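Values below: all heavy atoms of this structure, side chains included; hydrogens, waters and symmetry mates excluded. Here the structure is a predicted model, which means the values were calculated and not measured.
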Amino acid sequence: MDLETARWVFTAAQGESGYAKLLFESHGLQPPPIGAVVNSTLALMSLVATGDYVALMPAQIAQHPMAASYVGIVLIEEQGHELEIGAILRHEAVVSPLLRHLMAHLHRAAHQAVQQPVRL
């Protein structure tokens, strides 16, 4: 598969940015053509599973039993970049139960990722 000419799905506000562009440029390659831009991982999975698209996604999602039968994992020689995710919450803000739950989930996930890194 030629990843430089494949139709890529980006999860970004616009296709001009994102991890895929950084990955390609850091290895001296032109960023891949944009096949679609989505705003959620669920939309990304839907396009990749039902169409002729490629995308970058966490290994935990691609390898999950619900997804694994619909997607193929393409291993590459190039080393990826460390991905940092951060969440900031102002201490004086009134926080909804949903946001508190999300922040607790992110905290648990970050703790597990540090203890059990997953790499392809």
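- Side-chain N or O atoms of His64 include one that pairs as donor or acceptor with a backbone N or O of Met66 at under 3.5 Å.
- Minimum heavy-atom separation, Ala6 to Pro33: O-CG, 3.3 Å.
- Shown here are the side-chain contact (heavy atoms from CB on, under 4.5 Å) partners of Leu56, two or more places apart in sequence or in another chain: Trp8, Tyr19, Ala20, Leu23.
- Interatomic distance, Ser46 OG to Tyr70 OH, rounded to the nearest 0.5 Å: 11.5 Å.
- The minimum heavy-atom distance linking Val9 with Ala55 is given by the pair O-CB, 3.6 Å.
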Might you work through the side-chain contact (heavy atoms from CB on, under 4.5 Å) test for Arg7 and Val54, ending with a clear yes or no? CA-CA 6 Å; Arg7 295 187 316 166; Val54 295; over 6 Å; no

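- Taking CE from Met57 and OG1 from Thr41, the interatomic distance works out to 8.0 Å, rounded to the nearest 0.5 Å.
- Here the closest heavy-atom approach between residue Ala43 and residue Ser40 is recorded as N-OG, 3.1 Å.
- Ala36 and Leu47 make their closest contact through CB-CD1, 3.7 Å (heavy atoms, listed as atom of the first residue, atom of the second, distance).
- Smallest separation of non-hydrogen atoms from Met45 and Ile61: SD-CG2, 3.9 Å.
- Contacts of Ser96 classified as side-chain contact (heavy atoms from CB on, under 4.5 Å), with partners at least two apart in sequence or in another chain: Leu98, Leu99.
- Counting non-hydrogen atoms of other residues, nucleotides and ligands closer than 6.0 Å to CD of Glu77 gives a total of 12 or fewer.
- The backbone N or O of Leu22 lies less than 3.5 Å from a partner atom in the side chain of Ser26, making a donor-acceptor pair.
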